[in-house]
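Count residues from 1 along the sequence. Atoms within a ligand are numbered from 1 in the order they appear, just like the ligands themselves. All values below were derived from every heavy atom in this structure, side-chain atoms included, with hydrogens, water molecules and symmetry-related copies excluded.
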Amino acid sequence: MTAIKKKRRTVVDLKAMKSRGEKIAALTAYDYPFARIMDQAGIDIVLVGDSSGSVVAGYENTLPVTLDEMLYHTRAVARAVEQALIVTDMPFLSYQIELIEAKRNAGRLIKEGGAHAVKIEGGENIAETVHAIVAMDVPVIGHIGLTPQSIHRMGGYRVQGRDKSQADKLMKDAIAVTQAGASALVLEAIPAQLAKEITACISIPTIGIGAGIDCDGQVLVVHDILGLCEKYSPKFVKRYVDAASVVRQGVDDYLREVKQGVFPDKDHSF
Ligand code: KIV
């Protein structure tokens with residue numbers, strides 16, 4: 001019997017999911033094996049996040065990540081994913097300078113990387129860019145609240161929108177990005193009540209990360225949920241597995257057996 005292939009998720013499905021009240025589940029992936037496991041599990045969106053800079057490349061933040069690095073990660077993910085929607089982050093300086101550059105770079109992530117949509121950080125300030133990219137039929141996911149590419153302006157990774165003027169600004173940003181044609185909007189590290197109000201106000205799905213239960217979907221960094229990031233863990237991260245201990249155990253056992261001359265035994269030799 002041939003297995004029935006499930007239909008690929010699209011940005012059109014995301015809107016339908018919002019209207020049905022069906023939650024959207026997203027996770028980051030940067031390589032083939034992780035993306036394959038997620039896709040087979042039925043994750044709706046695989047986000048090739050520029051968090052790769054912190055969790056894979058070991059940079060201090062996402063700012064040094066380049067378009068070439070995002071292309072490399074996206075290609076690896078695209079080779080693994082058959083059903084999920086692949087969204088790739090546009091890294092810092094790939095969309096902020098000139099519209100023409102933003103359009104070309106977004107197009108490259110689709111054409112050379114195999115992404116189905118791109119994500120860009122910002123609100124009213126990037127609405128024109130969202131509009132220009134969407135006008136060439138590349139779906140865009142917005143990202144407001146704590147936007148890691150603005151870390152120096154924000155003075156660190158802080159919850160955004162706690163006071164009334166900040167909250168009003170975030171609501172305006174959400175509306176501007178929606179009106180510019182975005183297909184969904186990531187809300188990062190904002191109060192749950194504000195996320196609920198934004199979610200009710202805009203027609204596109206909201207995907208929360210540290211934005212409470214009332215968003216239309218949730219996203220987390222895979223290394224965080226697996227316990228592979230031991231340095232720092234924000235309050236909104238739930239650690240589902242302690243994979244670092246499992247990896248450490250495997251490395252320790254291998255090291256010991258090699259040093260003791262126990263590995264390779266007969267079963268692992270020709
Ligand atoms: O870079 C990233 O991984 C992200 C999310 C976690 C939202 O932008």
Residue portion contacting ligand 1 (non-hydrogen atoms closer than 4.0 Å) for T62: neither
K119-ligand 1 polar pair, N/O distance under 3.5 Å: yes
Interfacing atoms of ligand 1 (cut-off 4.0 Å, heavy-atom, D50): 1 (O)
Nitrogen or oxygen atoms of Y30 and ligand 1 under 3.5 Å apart: no
Contact partition for L47 relative to ligand 1, non-hydrogen atoms under 4.0 Å: side chain
L146 with I151, same ILVMFWY side-chain cluster at under 4.5 Å: yes
Identified side chain to side chain donor-acceptor pair (under 3.5 Å) counterpart of D168 within the set Q166, K164, K172: K164
Nitrogen or oxygen of D89 less than 3.5 angstrom from that of ligand 1: yes
Atoms of ligand 1 close to H143 [distance to a heavy atom under 4.0 angstrom, numbered from 1]: 7 (C), 8 (O)
Pairing of D252 and R256 as salt bridge, 4.0 angstrom limit: no
Location of contacts on T28 toward ligand 1, heavy atoms closer than 4.0 Å: side chain
For G49, atoms of ligand 1 separated by under 4.0 Å from a heavy atom: 1 (O), 2 (C), 3 (O)
Polar contact flag, side-chain donor to acceptor under 3.5 angstrom, D163-S165: yes
Residue and atom name of the nearest protein heavy atom (relative to atom 6 (C) of ligand 1), distance in Å to one decimal: I209 CD1, 3.5 Å
Check: T74/Y30 side-chain N/O donor and acceptor closer than 3.5 Å: no
Any N or O of S51 closer than 3.5 Å to N or O of ligand 1: yes
Carboxylate-amine/guanidinium proximity below 4.0 Å for R36 and E82: no
Salt bridge (charged side-chain N to carboxylate O under 4.0 Å, His left out): pairs with one or both residues in residues 185-214, sequence neighbours excluded: none
Partners meeting side chain to side chain donor-acceptor pair (under 3.5 Å) with Q218 (sequence neighbours left out): none
